[in-house]
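Please read the structure below before turning to the comments.
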2 protein chains.
Amino acid sequence: MGRWEPNAQGRLAEAALDLYSERGYEQTTVAEIAKRAGLTERTFFRHYADKREVLFAGAGELEKLFVQAVAGAPPEAAPIDALARGLDAVSEVFADRRAYACRRHAVITANAELLERELIKLSSLSAALADTLRRRDVPEPAASLAAEAAVAVFKIGFERWIATPENTGACDLAQQVREALAELRVVAAGDAAVRART
Amino acid sequence: MGRWEPNAQGRLAEAALDLYSERGYEQTTVAEIAKRAGLTERTFFRHYADKREVLFAGAGELEKLFVQAVAGAPPEAAPIDALARGLDAVSEVFADRRAYACRRHAVITANAELLERELIKLSSLSAALADTLRRRDVPEPAASLAAEAAVAVFKIGFERWIATPENTGACDLAQQVREALAELRVVAAGDAAVRART
DNA sequence: CTGTCGATGGCAGTCACTGACATCGACAGT
DNA sequence: ACTGTCGATGTCAGTGACTGCCATCGACAG
């Protein structure tokens with residue numbers, strides 16, 4: 001047993017999400033978050049680089065998971081198919097965390113600064129994926145484009161998943177992402193009939 | 001004639017880019033920027049919402065230009081072709097500003113906070129494009145996906161343009177963007193042979 | 001018993017950003 | 001010419017994010 005309550009980092013993250021939800025990101029001070037977690041402001045900044053980062057603790061693991069799934073695809077798979085593996089893998093992670101994902105998403109979309117941080121995390125993800133594709137001998141600019149497209153597919157699939165009422169049949173993230181990927185293929189092909197479909 | 005030197009906003013933007021280039025974004029204080037422009041810190045914040053925004057004054061016009069070009073495409077054009085119009089229009093704007101674009105790009109990529117701001121501007125652009133496509137009766141998620149893809153195409157085309165030595169034959173932005181768009185079509189089609197090409 | 005170590009607290013300081021109020025020259029109306 | 005309004009700026013005090021430095025304290029090894 002340590003000298004302090006365990007999991008200081010987790011307590012800070014929970015306190016932050018609570019406060020950001022209740023009174024908004026800007027109306028919350030770091031001192032308040034720390035106090036709710038039974039710590040001081042100074043200690044908050046030892047665990048998280050800044051006031052936003054406390055909502056993005058899991059980004060690193062997510063990136064690792066995505067990258068490993070892509071890297072593990074058969075060498076002969078096309079870039080887009082390798083990326084599809086990663087999309088499936090990442091989608092699974094969120095399957096049983098929909099409520100948490102919704103809360104977090106609501107907080108982030110409500111504040112521009114948090115949105116900026118989210119975007120740079122996705123950009124970092126995209127860069128990591130592009131690098132992974134390059135290691136699979138995909139040349140530029142195909143690697144970067146495929147990576148950016150895959151991240152866009154996930155982002156849009158995710159948003160549609162969040163927007164879906166929970167008791168709907170089609171409230172599966174993996175399914176939304178697959179649909180988005182299929183739609184990208186159609187759009188990129190330049191099908192003018194896109195507008196004729198639902 | 002006014003009471004003060006004209007174009008305070010422009011002087012601030014120039015001073016900021018100079019200082020950010022010379023000693024880096026973080027090592028520059030707003031007071032220093034204002035002083036170099038012959039103004040005070042308080043006045044800086046009357047012209048720009050924050051220390052980063054001073055580098056993104058033109059983002060609004062760029063978005064407007066892109067959107068109008070897309071909206072002006074023939075109604076029967078496929079989404080991707082309408083977006084290609086916008087890409088062409090935007091590329092033209094940068095044609096004779098390569099040196100400035102390079103300087104600005106170097107400053108932005110050197111700092112994570114500035115990168116975040118750049119990404120949210122691109123995100124805003126993507127949202128505006130998706131909205132424009134929706135007005136052209138493109139359904140979701142096709143509209144959002146096409147918009148995100150177009151922005152990715154521009155981003156990557158732009159980066160390759162910046163990275164190209166100036167005296168190279170292929171140092172035209174519009175051309176880089178067109179190549180990136182073509183590459184996206186190939187990648188999205190799932191062509192495993194991507195890796196076989198240059 | 002003692003020295004080290006890691007997580008924390010306390011405190012002073014910098015800087016981004018804001019609100020309230022004062023200043024000053026231009027310009028319009030009289 | 002007199003005067004009142006207006007817009008851009010200056011001044012100043014304040015808040016809050018974030019950092020550096022040093023002190024504290026319990027655990028643990030020897």
Side-chain angles (χ1 to χ4, degrees), chain A residues 1-57 107-108 110-118 120-121, chain B residues 1-57 107-108 110-118 120-121:
Chain A
M1 293 297 293
R3 174 179 164 200
W4 305 274
E5 294 301 312
N7 195 24
Q9 203 146 330
R11 270 152 46 216
L12 285 167
E14 192 180 349
L17 184 55
D18 286 349
L19 288 169
Y20 292 170
S21 296
E22 288 170 20
R23 58 180 98 162
Y25 170 80
E26 287 177 356
Q27 281 64 49
T28 304
T29 69
V30 173
E32 288 168 344
I33 299 169
K35 189 172 183 181
R36 177 171 296 207
L39 295 166
T40 65
E41 186 181 0
R42 188 67 187 87
T43 299
F44 176 96
F45 287 109
R46 287 203 178 90
H47 287 283
Y48 297 103
D50 59 50
K51 192 184 168 187
R52 303 167 223 172
E53 198 64 19
V54 67
L55 290 182
F56 298 88
V107 168
I108 290 174
N111 182 270
E113 289 183 48
L114 292 173
L115 204 46
E116 285 185 340
R117 183 56 52 89
E118 169 109 317
I120 208 172
K121 295 293 184 188
Chain B
M1 294 298 294
R3 174 178 164 199
W4 306 272
E5 294 300 313
N7 195 23
Q9 203 148 329
R11 269 151 49 215
L12 284 167
E14 192 180 349
L17 183 56
D18 285 349
L19 289 170
Y20 292 171
S21 295
E22 288 171 19
R23 57 180 98 163
Y25 171 80
E26 288 177 353
Q27 282 64 48
T28 304
T29 69
V30 174
E32 288 168 343
I33 299 170
K35 189 172 184 182
R36 177 172 294 207
L39 296 166
T40 64
E41 185 181 2
R42 190 66 185 86
T43 299
F44 176 96
F45 288 110
R46 287 201 179 92
H47 288 281
Y48 298 102
D50 58 51
K51 192 183 168 187
R52 302 168 225 170
E53 199 64 18
V54 67
L55 290 183
F56 298 89
V107 168
I108 290 174
N111 181 271
E113 289 183 47
L114 292 173
L115 204 47
E116 285 185 340
R117 182 56 53 88
E118 168 110 316
I120 208 172
K121 295 292 182 188

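Below, read A as the first sequence line, B as the second, and so on, with proteins coming before strands; counting in each chain starts at 1. Quick caveat: nothing in here was measured; it's all calculated off a predicted structure.
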More than 12 heavy atoms of other residues, nucleotides or ligands under 6.0 Å from CD of A:E32: is that the case?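 Buried by this count: over 12 neighbours within 6.0 Å.
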Do other residues, nucleotides or ligands put more than 12 heavy atoms under 6.0 Å from the CD atom of B:E113?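 Atom CD in B:E113 is packed in, count exceeds 12.
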Mind calculating the distance between [atom1] ([X]) and [atom2] ([N]) to the nearest angstrom?
{"X": "B:F44", "N": "C:dC17", "atom1": "CZ", "atom2": "C1'", "value": "11 Å"}
{"X": "A:Y25", "N": "D:dG16", "atom1": "OH", "atom2": "C1'", "value": "11 Å"}
{"X": "A:L12", "N": "D:dA17", "atom1": "CG", "atom2": "P", "value": "14 Å"}
{"X": "A:E32", "N": "D:dC18", "atom1": "CD", "atom2": "P", "value": "15 Å"}
{"X": "A:R11", "N": "C:dA7", "atom1": "CZ", "atom2": "P", "value": "14 Å"}
{"X": "A:F45", "N": "C:dA12", "atom1": "CZ", "atom2": "C1'", "value": "16 Å"}
{"X": "A:K51", "N": "D:dT15", "atom1": "NZ", "atom2": "C1'", "value": "12 Å"}
{"X": "B:L114", "N": "C:dA16", "atom1": "CG", "atom2": "C1'", "value": "14 Å"}

Across the strands shown, which category fits A:A31 at heavy-atom distances under 4.0 angstrom: base, sugar-phosphate, nothing?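 Contact class for A:A31: none.
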Nearest-neighbour nucleotide for the A:H47 side chain, D:dC18, C:dA16, C:dT8 considered: C:dT8
Starting the side chain at C-beta, find the nucleotide from C:dG9, D:dC18, D:dA8 nearest to A:T43.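 For the A:T43 side chain, the nearest candidate turns out to be C:dG9.
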Apply side chain to side chain contact (heavy atoms under 4.5 Å, CB included) to A:Y48 and A:V30, showing your working. CA-CA 11 Å; A:Y48 297 103; A:V30 173; over 6 Å; no
With Watson-Crick and G-U wobble geometry limited to distances under 3.5 Å, how should the secondary structure of DNA chain D be encoded in dot-bracket form, using | for bases paired to another strand and [ ] for crossing pairs? ||||||||||||||||||||||||||||||
Heavy-atom nearest nucleotide on DNA chain D taken for A:R42 and for B:T40; more 5' hit belongs to B:T40
Return yes if the base of D:dG10 and the side-chain atoms of B:R46 contain a donor-acceptor N/O pair under 3.5 Å, otherwise no.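 Indeed there is one.
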Looking only at heavy atoms, the pair that brings A:V54 and A:Y20 closest together is CG1-OH, 3.9 Å
Pair A:K51 + A:E41, salt bridge at N-O below 4.0 Å: no
Can you find a side chain N or O atom of A:T29 that sits less than 4.0 Å from OP1 or OP2 on D:dG16? no
Does any N or O in the side chain of A:R11 come within less than 3.5 Å of the main-chain N or O of A:R36, such that one atom is a donor and the other an acceptor?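 Judged by distance alone, no pair lies under 3.5 Å.
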Min side-chain heavy-atom separation A:D50-A:R117 under 4.5 Å: yes
